[in-house]
Amino acid sequence: MTAESEGTRLRQERIRKLETMKEQGINPFPYSFARTHKAEDLQTKYKDLPNDTETEDEVRVCGRVLNERNTWMFVDLYDDSGKIQLFCHKQNIAEEPLKQLRLLDKGDFLGATGTIRRTKQGELSVKVTSYQILGKSLLPLPDSWDGFTDVEARYRHRYVDMIMNPAVRETFKKRSIAIRTIRDFLDSRGCLEIETPVLQVEAGGADARPFITHHNTLDLDLYLRIATELHLKRLIVGGFERVYEIGRIFRNEGISTRHNPEFTMLEMYWAYGDYNELMDLAEEMIVETAAKVAGSAKVTYQGVEIDFQRPFKRIRMVDAIKAVTGVDCEALKTFDEIKKAAQELGVDLKGCDSRGHVINAIFEDKAESTLIQPTFIIDYPVEISPLTKPHRTNEGEVERFELFAYGRELANGYSELTDPLDQRRRLEDQAAKKAAGNEEAMPLDLDFINAMEYGMPPTMGIGIGIDRLVMLITDSASIRDVIAFPTMKPIIK
RNA sequence: GCGCCCGUAGCUCAGCUGGUAGAGCACUCGGCUUUUAACCGAUUGGUCGUGCGUUCGAGUCGCACCGGGCGCACCA
């Protein structure tokens, strides 16, 4: 745990310094500072300045003090671009402010004015003539030598993690670049980003347990959305031909290295296209994102090279199963036959109440983890895909794909079901399962069906878990490493 | 929800078959130094996650609880 209690000695010591500053007429929390350069600007501009030379160029820099040597003669000042050393020598600083350097602590924000010089040791420095505290720090930072490694403390006090571990800030920069790349990619192809409701009367569009909340004046229980699909498809009905939303999704499920209760999903719907065209588009978007963030379509994830080189493999689900297990699902026409085969393979069939569910269970148990290089698994059983258009040639299948890499699902897309009567039957079937106690079955969203009955063009649609994509391209082992403030249980004292 | 592991100073960690709590760094004071100090000296600093129990005596043993990590389950 980091220091939080009011009584710690180290904190009291800093408050004493803060009081002393005030007594000496220094405001420890001033209003602004006119900076001329960031650290990186200076490092670039003076990269050819030889050792032990100085210039007359006056600069003003500011940032957080993370280290100090020789009793504040050398100060490492960090801003969001990097480090610049301050050289605080009695030759250049008046007596009073020189003494007041002792009132500073590591962690304080400082602004400094001075000229540029490079030391004999080759460290570019600002030879400080005057300085100003810009924000007093009361709590001691973790030791810079040992670092800040306690996993729980890092997540609970993410701001300290970000100060101490530059790689953490780097990951969130990359996350931002990834999301901007995706937005640019879609915007440049005529897609419109439209926000849909988070609070919903029924949470549909995915198989997941929702969070529930309550609206006081309506005296109405509402669910937090588990998907954006049903509303984005209403927008297609409404005449938008290409729409997407990058938004927060909430699912009331377990927490793990791959699951956070709130996470970010991209969903995109595009009229007049089918799942074949969609796979091409998804490939292009993911390759572009990986390249922008990781610098290459080849990324190393947890020591394994993942090559996002187009085209990705495309394998029918039944073929993927056959390749790994030898079982030919297509030859097993009935629920009983496929169930027997699955049981012989040792597959857990909990919750499997149809032939399609069993095929999916075999796939997930036996084949999924073998899909290390980017692979589209295509042509899913209809029973597990209630919003997907039937396959144009294969009986019992739908035109759906999921993209896997490193044995994990990255994306889920399909030719959207546009037949309102078929849709109604499928959602009624889901609602019956929900009524029978299946908490993950979809509710019957009558307004969604109503929208479809006004007519819907052929449409392709995809969902991509942004957090998991960012995990892969930033080599992050846990989803918590790519979420700035992951969900934590509070500590009750 | 289940299993295994973890929780000691601000940080990183020792602490044996139970015997009154340790180190390094940080902090404070002093020294030294006009170009690197992660230096030298001294001093500080802990309800050992919480509670109950066993015991003459618990950081250590037992039980329960809290929090976390990893795996499984659920799921994306």
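Below, chains carry the letters A, B, ... as their sequence lines are ordered, and counting in each starts from 1.
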Student: With a cut-off of less than 4.0 Å, is there a side-chain N or O of Arg156(A) near OP1 or OP2 of G68(B)?
Tutor: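 Arg156(A) to G68(B) OP1/OP2: side-chain N or O found under 4.0 Å.
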Student: Measure the distance from NE2 on His157(A) to P on G68(B) and round it to the nearest whole Å.
Tutor: 12 Å
Student: Using a cut-off of under 3.5 Å, enumerate the N/O to N/O pairs linking the protein to nucleotides 70-72 of chain B.
Tutor:
from: G71(B); atom 1: OP2; to: Thr257(A); atom 2: OG1; distance (Å): 3.4

Student: Please verify the inter-ring angle class for Tyr159(A) with His157(A); under 30° counts as parallel, over 60° as perpendicular, anything in between as tilted.
Tutor: perpendicular
Student: Need one value for Glu262(A): base, sugar-phosphate or nothing, where a base atom within 4.0 Å counts as base even if backbone is also close, heavy atoms only.
Tutor: nothing
Student: So, is Lys90(A) near the phosphate of U34(B), with a side-chain N or O under 4.0 Å from OP1 or OP2?
Tutor: no
Student: Leu141(A) CG to C27(B) C1': how many Å, rounded?
Tutor: 13 Å
Student: Less than 4.5 Å apart, any side-chain heavy atom of Asp76(A) and any of Val65(A)?
Tutor: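 No, their side chains stay 4.5 Å or more apart.
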Student: Tell me if the side-chain of Arg69(A) makes a donor-acceptor pair with the base of U35(B), cut-off 3.5 Å, by modelled atom types.
Tutor: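 It does not, because no donor-acceptor pair links the side chain of Arg69(A) to the base of U35(B) below 3.5 Å.
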Student: Under 3.5 Å, is there any donor-acceptor pair linking the side chain of Asp143(A) to the base of U12(B)?
Tutor: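 It does not, because no donor-acceptor pair links the side chain of Asp143(A) to the base of U12(B) below 3.5 Å.
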Student: Do Leu103(A) and Gln24(A) come within less than 4.5 Å of each other through their side chains, counting heavy atoms only?
Tutor: yes
Student: Taking only the P atom of each, what is the distance from G22(B) to G59(B) in whole angstrom?
Tutor: 13 Å
Student: Under 4.0 Å between a side-chain N or O of Lys106(A) and OP1 or OP2 of C27(B)?
Tutor: yes
Student: Do the ring centers of Phe87(A) and Phe74(A) come within less than 6.0 Å of each other?
Tutor: yes
Student: Mind checking the P distance from C48(B) to G10(B)? Whole angstroms is fine.
Tutor: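 Looking at atom P only, C48(B) and G10(B) are 12 Å apart.
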Student: Distance check, P atoms only: G18(B) and G1(B), in whole angstrom units.
Tutor: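 Approximately 34 Å lies between the P atom of G18(B) and that of G1(B).
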Student: Suppose we define a pair by two distances each less than 3.5 Å, Watson-Crick or G-U wobble; what does G7(B) pair with here?
Tutor: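 In the structure as shown, G7(B) has C66(B) as its Watson-Crick or wobble partner.
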Student: Is the distance between the ring centroids of Phe404(A) and Phe312(A) less than 6.0 Å?
Tutor: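 No, the ring of Phe404(A) stays outside the 6.0 Å limit from the ring of Phe312(A), centre to centre.
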Student: Can you check the Gln12(A) CD to C27(B) C1' distance for me, whole Å?
Tutor: 13 Å
Student: Does any nucleotide pair with C32(B) by Watson-Crick or G-U wobble geometry, both distances under 3.5 Å, and what is it?
Tutor: none
Student: With distance as the sole test, does Thr300(A) use its side chain to make a donor-acceptor pair with the main-chain N or O of Val304(A) at under 3.5 Å?
Tutor: no
Student: Once hydrogens and angles are ignored, does a donor-acceptor distance under 3.5 Å link the base of G24(B) to the side chain of Asp146(A)?
Tutor: yes
Student: Heavy atoms only, 4.0 Å cut-off, all strands: where does Gly463(A) land among base, sugar-phosphate and nothing?
Tutor: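 Answer is nothing: Gly463(A) stays at 4.0 Å or more from every strand.
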Student: Check this for me: does the side-chain of Gln91(A) come within 3.5 Å of the base of U34(B) through a donor and an acceptor?
Tutor: yes
Student: If I take atom CG from residue Leu222(A) and atom CD1 from residue Ile212(A), how far apart are they, to the nearest 0.5 angstrom?
Tutor: 8.5 Å
Student: Which parts of nucleotides 40-51 of chain B does protein reach within less than 4.0 Å, heavy atoms only, written one letter per nucleotide 5' to 3' as B for base, S for sugar-phosphate only and - for none?
Tutor: ----BS------
Student: Return yes if a side-chain donor-acceptor contact under 3.5 Å exists between Ser137(A) and Arg14(A), otherwise no.
Tutor: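 A donor-acceptor contact under 3.5 Å links the two side chains.
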Student: If you find the nucleotide of RNA chain B closest to Asp105(A) and the one closest to Asn92(A), which residue's nucleotide is nearer the 5' end?
Tutor: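 The answer here is Asp105(A).
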Student: Answer yes if the side chains of Tyr406(A) and Gln302(A) hold a donor-acceptor pair under 3.5 Å, and no otherwise.
Tutor: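 The criterion, which ignores hydrogens and geometry beyond distance, is not satisfied for Gln302(A) and Tyr406(A).
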Student: Is the Tyr414(A) to Tyr275(A) ring centre distance short of 6.0 Å?
Tutor: no
Student: Which nucleotide, if any, forms a Watson-Crick or G-U wobble pair with G53(B), using both distances under 3.5 Å?
Tutor: C61(B)
Student: Strictly below 4.0 Å, N to O, side chains only: are Arg156(A) and Asp150(A) in salt-bridge contact?
Tutor: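 Here Arg156(A) does not pair with Asp150(A) in a salt bridge, since their nearest N and O are not under 4.0 Å apart.
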Student: When we call it a touch if two heavy atoms are under 4.0 Å apart, what does Gly254(A) touch: a base, just sugar-phosphate, or nothing?
Tutor: base
Student: Does the side chain of Lys17(A) get closer than 4.0 angstrom to OP1 or OP2 of U28(B) through an N or O atom?
Tutor: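 Answer yes for this pair, as a side-chain N or O of Lys17(A) is under 4.0 Å from OP1 or OP2.
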Student: Determine which nucleotide pairs with A73(B), using a 3.5 Å limit on both distances of a Watson-Crick or G-U wobble pair.
Tutor: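 Pair assignment: A73(B) / none.
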